[in-house]
Amino acid sequence: MQKKNSVKRIFLILGDQLSESHPFLEMKLSSESDLLLMIESLPRADWLPYHPQKLMYVFACMRRFAIEMKKKKLPTLFEYVEFSPHTFTEVVNSFGAAEVHVVEPSEPRALDWLKADLKSKCVVHPNVFFLADDSMLPAKPPYLMETFYRAMRTKHGILMEKGKPLGGQWNFDEDNRRPPLSAWDKQPPADFLEKDWCDKVDLDIYAQVETRLREHLPSDRFGAFQRPNLPTHLKSARVFLREFITKRLDQFGPYEDAMVAGSVGLFHSGLSPLMNLQVLSPQEILQAAEAAPAEVPLASREGFIRQILGWREFLRLIYRRHRADYQTANFFGFGEKLPPLYWGHPTRMNCLSSVVKHVEQHAYSHHITRLMVLGNFALLAHVNPHEVNHWFWAVYLDAYEWVVTPNVLGMSQFADGGVFATKPYVSGANYINKMSLFCKSCAFDPKKTLESDGCPFNALYWDFIATTKQNQAHRPSFARRMGMMWSVWEKKSEDEKLAIRKKAAELRTRASAGEL
Ligand code: FAD
Ligand code: SF4
């Protein structure tokens with residue numbers, strides 16, 4: 001590491017702060033004593049068994065950002081540290097600067113680490129990468145996403161007309177629930193992965209990063225060792241966004257919940273990796289969606305805008321407020337290990353094997369596959385929610401603490417006991433059969449439960465319903481949201497109930513042994 005004793009102040013740009021309008025690029029800095037610094041830290045990259053594509057992507061976007069920045073006039077000296085074997089603070093301290101400036105990291109634990117190591121040297125600037133601030137959440141629960149979202153629409157004037165929602169409605173969810181067309185089994189729609197977005201500069205960067213990572217990572221690491229073909233910088237990201245708005249946004253709404261093995265992204269945007277690294281700002285994406293061509297139905301525009309202006313911002317604030325509670329949250333007290341199928345071990349359950357394959361190949365799968373296939377199964381199989389969280393965090397290209405944890409522990413596993421959700425997102429095979437084409441070519445039958453070819457989701461689902469009934473004293477809202485399923489359960493004979501509970505216990509054992 002190089003000593004630069006003339007450096008008095010370091011301005012650190014983190015790997016998920018790759019914004020063209022990063023505050024440090026607009027500050028008046030001294031070219032004598034201030035240094036802009038970017039670091040690729042291997043100890044940081046080893047924190048979880050990250051999918052190789054995730055590491056390749058972050059390093060490629062960082063390097064491309066540095067190249068693009070250097071083409072512009074930089075406010076001061078700039079140094080980029082490649083593949084450092086040291087931690088951020090070790091690298092930073094090697095410059096001997098008196099102050100280390102950083103824009104508040106989106107990942108709260110990164111701020112904890114920096115503050116703990118750098119102490120009074122650490123100067124924190126406000127995080128400017130999101131649209132909502134803490135005051136947008138009510139002082140205490142219940143937190144309702146719909147109320148938050150309407151306030152955000154009004155505050156930012158998005159899809160509003162004379163103070164009222166455009167089209168006279170805030171929410172078009174009812175129009176957005178179509179199952180996939182059966183023709184998509186043979187001819188799936190082209191998704192955002194169909195094109196390669198890398199140019200010559202990206203390819204050179206990836207070639208270097210890939211070689212170094214192959215040397216560094218264990219050979220049995222989960223995930224296809226190949227470069228992602230997504231944009232890495234603002235210019236190509238803008239073209240990628242334009243393609244989504246003109247080619248897929250019109251179908252996004254109706255088929256938002258549909259799942260198809262042959263189309264990983266279907267009509268989803270694939271924008272989360274770019275947005276979470278700040279390559280593209282949420283503001284720019286929202287403006288593009290709002291100004292989409294007239295033939296894009298309002299239901300699709302609204303549905304898409306709700307995800308970004310609503311869910312993304314809402315969950316970030318929830319996590320900021322409740323981070324301490326999330327560290328140990330485990331409402332149901334589940335403790336099973338994550339079944340090996342999540343790490344690519346073969347399974348006869350077609351929905352799970354197809355979606356894990358999406359993740360293995362692309363470090364991506366879309367929202368409903370995360371929630372209603374992977375998350376649903378983990379919850380029904382009583383997996384320790386923190387293991388589930390670490391898996392999602394490690395293997396998805398877009399996973400960062402502030403967004404993955406509330407989604408997994410809150411929305412998907414209900415480990416927080418319902419900080420913002422009123423009931424767990426669980427289903428039997430019925431939902432998957434209706435909203436996907438997976439069941440058509442599965443070894444199990446979605447309509448059967450106790451038979452040997454009965455879909456495992458069914459016995460596990462009914463067993464879970466029985467569990468929530470036992471938990472009703474802890475969570476009164478269950479009665480309102482799940483009461484109907486409880487009465488269906490109660491109508492089953494005692495023999496059937498016993499058989500279902502026995503089969504569910506066996507299924508959990510077989511899932512952890514990799515025998516499903
Ligand atoms: P699109 O369907 O095109 O949606 C557009 C944008 O809306 C996304 O890019 C994303 O920024 C935003 N969005 C939609 N839903 C959510 C949500 N629930 N929370 C936050 N933003 C949302 N999203 C992440 O960005 N990182 C994660 O690590 C992550 N983990 C998840 C884990 C689970 C178990 C679940 C159920 C959801 C998770 N999500 C996560 C939310 C959502 O699934 C992804 O944002 C989305 O699938 C990203 O793909 P896309 O860009 O094609 O999304
Ligand atoms: Fe999944 Fe069950 Fe359908 Fe098979 S039958 S694809 S396991 S839901």
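Atoms within a ligand are numbered from 1 in the order they appear, just like the ligands themselves.
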So which bit of [X] gets within less than 4.0 Å of ligand 1, heavy atoms only: side chain, backbone, both or neither?
X      : result
Glu256 : neither
Phe304 : side chain
Val404 : both
Tyr396 : neither

Parallel, tilted or perpendicular for Tyr326 and His322, by the 30°/60° rule?
->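 Rings of Tyr326 and His322: perpendicular, as their planes differ by over 60°.
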
Between [X] and [Y] (side chain of the first, backbone of the second, donor and acceptor by atom type, cut-off under 3.5 Å), is there such a pair?
X      : Y      : value
Trp391 : Tyr342 : yes
Asn330 : Phe334 : yes
Asn458 : Lys448 : yes
Gln251 : Leu249 : no

Report, in ascending order of atom number, the atoms of ligand 2 lying under 4.0 Å from any heavy atom of [X].
X      : answer
Cys442 : 4 (Fe), 5 (S), 6 (S), 7 (S)
Phe438 : 6 (S)
Cys439 : 3 (Fe), 5 (S), 6 (S), 8 (S)

Between ligand 1 and [X], can you find any atom pair, the residue atom being a heavy atom, that is separated by under 4.0 Å?
X      : answer
Phe252 : yes
Tyr364 : yes
Tyr425 : no

Taking only heavy atoms of Gly270 into account, list the atoms of ligand 1 that are under 4.0 Å away from them.
->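 Answer, ordered by atom number: 50 (P), 51 (O), 52 (O).
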
Ranking Ser272, Gly375, Pro273 by closest non-hydrogen atom to atom 9 (O) of ligand 1, top hit is Ser272

Name the option, out of Arg370, Met411, Glu401, Arg306, that contains the heavy atom nearest to atom 30 (N) of ligand 1.
->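 Shortest heavy-atom distance from atom 30 (N) of ligand 1: Arg370.
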
Check whether NZ of the Lys or CZ of the Arg Lys195 lies under 6.0 Å from the centre of the six-membered ring of Trp197 and within 45 degrees of that ring's axis.
->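 Because its charged atom sits under 6.0 Å from the ring centre and within 45° of the axis, Lys195 does stack over Trp197.
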
Protein contact to [atom] [nearest heavy atom, distance to 0.1 Å]:
atom                    : result
atom 6 (S) of ligand 2  : Cys351 N, 3.5 Å
atom 16 (C) of ligand 1 : Trp311 CB, 3.9 Å
atom 12 (C) of ligand 1 : Gln307 O, 3.6 Å
atom 5 (S) of ligand 2  : Phe444 O, 3.5 Å
atom 24 (C) of ligand 1 : Val403 CG2, 3.5 Å

SB check Glu313 Lys155 (cutoff 4.0 Å) | no

Between Gln53 and Tyr364, does any side-chain donor sit less than 3.5 Å from a side-chain acceptor?
-> no

Taking Asp398 as the fixed residue, which of Lys54, Arg312, Arg370 is the one that meets the salt bridge (charged side-chain N to carboxylate O under 4.0 Å, His left out) rule?
->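 Per the salt bridge (charged side-chain N to carboxylate O under 4.0 Å, His left out) rule, the option paired with Asp398 is Arg370, out of Lys54, Arg312, Arg370.
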
From atom 4 (Fe) of ligand 2 out to just under 2.8 Å, does an N/O/S atom of Cys455 turn up?
->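 Short answer: no, not a single N, O or S atom is under the cut-off.
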
